[in-house]
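Below: the structure, in structure tokens.
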Amino acid sequence: MPTTHELKAAAKAEIDRHADDLVGFAKTILDAPEPGFREVKTSRFVAEQFRRLDVPYEDGIALTGVKGMLKVGSSGPTVAVIGELDSLKLLGHAHADLETDAAHACGHHAQIAMMLGVAMGLKTAGVLDALTGKVALIAVPAEEYIEIEYRDDLRREGKIEFLGGKPEFIRLGALDDVDLAMMTHTTSNPRESKIAMGGTNNGLVAKKIRFTGRASHAGGSPHAGINALNAAMIAMSAIHAQRETYRDEDTVRIHPIITRGGVAVSSVPAD
């Protein structure tokens with residue numbers, strides 16, 4: 001029976017042997033960013049790599065999620081290794097999609113490559129046979145809390161219930177068999193060196209507020225209108241006035257945007 005040190009060395013050597021492939025995986029995903037619940041190409045790419053590695057998998061979880069499962073030598077707990085499929089949307093990013101503004105500005109392309117690297121290491125001859133339990137390899141959609149209106153439409157259509165991929169995985173039972181979950185995230189902090197332990201994360205609540213006014217010709221009869229945009233801006237200013245009252249240790253963050261501010265400068269905004 002190989003020692004723990006020998007098993008780790010064998011897995012590490014296999015990952016190093018595929019280093020160029022893994023970097024290539026990350027670059028492939030970097031060049032094809034997709035926002036949450038739209039990660040069709042990225043999901044398909046993960047499934048393709050699972051097939052190449054002979055990893056049994058289920059796809060289409062929470063629309064685009066993929067879950068592979070490695071059974072090891074004997075019974076024991078199930079450990080999940082997670083990578084996130086989705087991108088942000090960031091206008092002007094060096095790797096942004098010119099049509100959608102989607103961009104992997106948070107490093108999820110590297111997460112997926114690292115998850116696949118774990119699969120390669122564990123598939124090294126003799127490694128799985130020496131372990132206990134199972135390893136779930138999960139590519140989860142929609143981590144970034146963006147495109148709220150689009151996701152709310154999916155919810156209304158009955159395609160999802162929650163606006164994030166992990167809550168959807170929980171709702172669907174896709175994590176019921178998982179005892180421990182972990183992931184490796186990239187960092188923008190050079191002081192953290194090669195690896196560091198992260199902290200906690202905030203929960204998220206999305207609010208969609210609609211201001212309804214009355215349209216009128218802005219040049220001829222602005223007095224006849226009720227300006228919904230002005231109402232929205234006053235409300236946002238009031239919200240911002242409260243932000244300085246939040247203690248930093250409470251980690252309260254509020255980030256409003258305006259998604260609709262009128263149809264033309266010649267019309268008093270009514271929506």
Donor-acceptor pair, [X] side chain versus [Y] backbone, under 3.5 Å?
X      : Y      : value
Ser43  : Val40  : no
Thr124 : Gly121 : yes
Thr100 : Ala102 : yes
Arg151 : Gly164 : no
Glu168 : Phe162 : yes
Ser216 : Ser221 : yes
Asp271 : Thr212 : no
Gln49  : Val46  : no
Asp86  : Phe37  : no
Arg243 : Ile254 : yes

Student check: side-chain heavy atoms of [X] and [Y] closer than 4.5 Å:
X      : Y      : result
Val127 : Leu131 : yes
Leu163 : Tyr145 : yes
Pro256 : Met236 : yes
Leu70  : Leu137 : yes
Lys207 : Val205 : yes
Ile15  : Leu22  : yes
Cys106 : Glu144 : yes

To the nearest 0.5 Å, what is the distance between [atom1] ([X]) and [atom2] ([Y])?
X      : Y      : atom1 : atom2 : value
Thr259 : Ile209 : OG1   : CD1   : 10.0 Å
Leu128 : Leu122 : CG    : CG    : 5.5 Å
Leu85  : Ile29  : CG    : CD1   : 7.5 Å
Ile146 : Lys89  : CD1   : NZ    : 6.5 Å
Lys208 : Arg210 : NZ    : CZ    : 6.5 Å
Glu147 : Leu88  : CD    : CG    : 10.5 Å

His108 and His185 aromatic ring geometry - parallel, tilted or perpendicular at 30°/60° bounds: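 Rings of His185 and His108: perpendicular, as their planes differ by over 60°.
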
Plane angle bin for His109 and His104 - parallel if under 30°, tilted between 30 and 60°, otherwise perpendicular: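 Rings of His104 and His109: tilted, 30 to 60°.
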
Check against side-chain contact (heavy atoms from CB on, under 4.5 Å), Leu229 and Ile258: CA-CA 9 Å; Leu229 178 59; Ile258 293 177; 4.1 Å; yes

Should [X] and [Y] count as an ion pair when the cut-off is N to O under 4.0 Å?
X      : Y      : result
Lys27  : Asp31  : no
Lys166 : Glu84  : yes
Glu48  : Arg44  : no
Arg171 : Glu161 : yes

With a 4.5 Å cut-off on side-chain heavy-atom distances among I, L, V, M, F, W and Y, is there a chain of contacts connecting [X] to [Y]?
X      : Y      : answer
Met115 : Phe45  : yes
Met183 : Met69  : no
Val252 : Ile239 : yes
Val66  : Met120 : yes
Tyr57  : Val135 : yes

Full working for side-chain contact (heavy atoms from CB on, under 4.5 Å) between Gln242 and Tyr246: CA-CA 7 Å; Gln242 298 298 314; Tyr246 302 138; 4.0 Å; yes

Criterion side chain to side chain contact (heavy atoms under 4.5 Å, CB included) against Arg156, the qualifying member of Asp152, Ile160, Leu154: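 Answer after filtering Asp152, Ile160, Leu154: Asp152.
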
Partner of Phe169 under side chain to side chain contact (heavy atoms under 4.5 Å, CB included), chosen from Asp176, Val178, Ile61, Ile82: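 Output: one option passes, namely Ile61.
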
Whether over 12 other heavy atoms sit under 6.0 Å from [X] [atom1]:
X      : atom1 : value
Glu244 : CD    : no
Arg253 : CZ    : yes
Asp20  : CG    : no

Which heavy atom of [X] sits nearest to which heavy atom of [Y], and what is that distance?
X      : Y      : value
Ser75  : Thr132 : O-CB, 3.6 Å
Ala119 : Leu53  : CB-CD1, 3.8 Å
Asp179 : Pro77  : OD2-CA, 3.3 Å
Val55  : Gly68  : CG1-CA, 3.9 Å
Pro269 : Gly262 : CB-CA, 3.9 Å
Val140 : Gly165 : CG2-C, 3.8 Å

Cation-pi, Tyr150 ring and Arg38 (6.0 angstrom, 45 degrees):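 Verdict for Tyr150: a cation-pi partner in Arg38.
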
Verdict with supporting geometry, His217 and Ser267, side-chain contact (heavy atoms from CB on, under 4.5 Å): CA-CA 5 Å; His217 193 287; Ser267 174; over 6 Å; no

For Asp129, all residues meeting side-chain contact (heavy atoms from CB on, under 4.5 Å), sequence neighbours excluded: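 Counting only residues at least two positions away or on another chain, Asp129 forms no side-chain contact (heavy atoms from CB on, under 4.5 Å).
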
CA sep, side-chain torsions, deciding dist, call: Glu34, Ser87, side chain to side chain donor-acceptor pair (under 3.5 Å): CA-CA 5 Å; Glu34 299 168 300; Ser87 72; over 6 Å; no

Stepwise side-chain contact (heavy atoms from CB on, under 4.5 Å) check, Val118 with Met114: CA-CA 6 Å; Val118 169; Met114 288 185 278; 5.9 Å; no

Worked check of side chain to side chain donor-acceptor pair (under 3.5 Å) between Thr78 and Asp177: CA-CA 7 Å; Thr78 298; Asp177 58 345; 5.3 Å; no

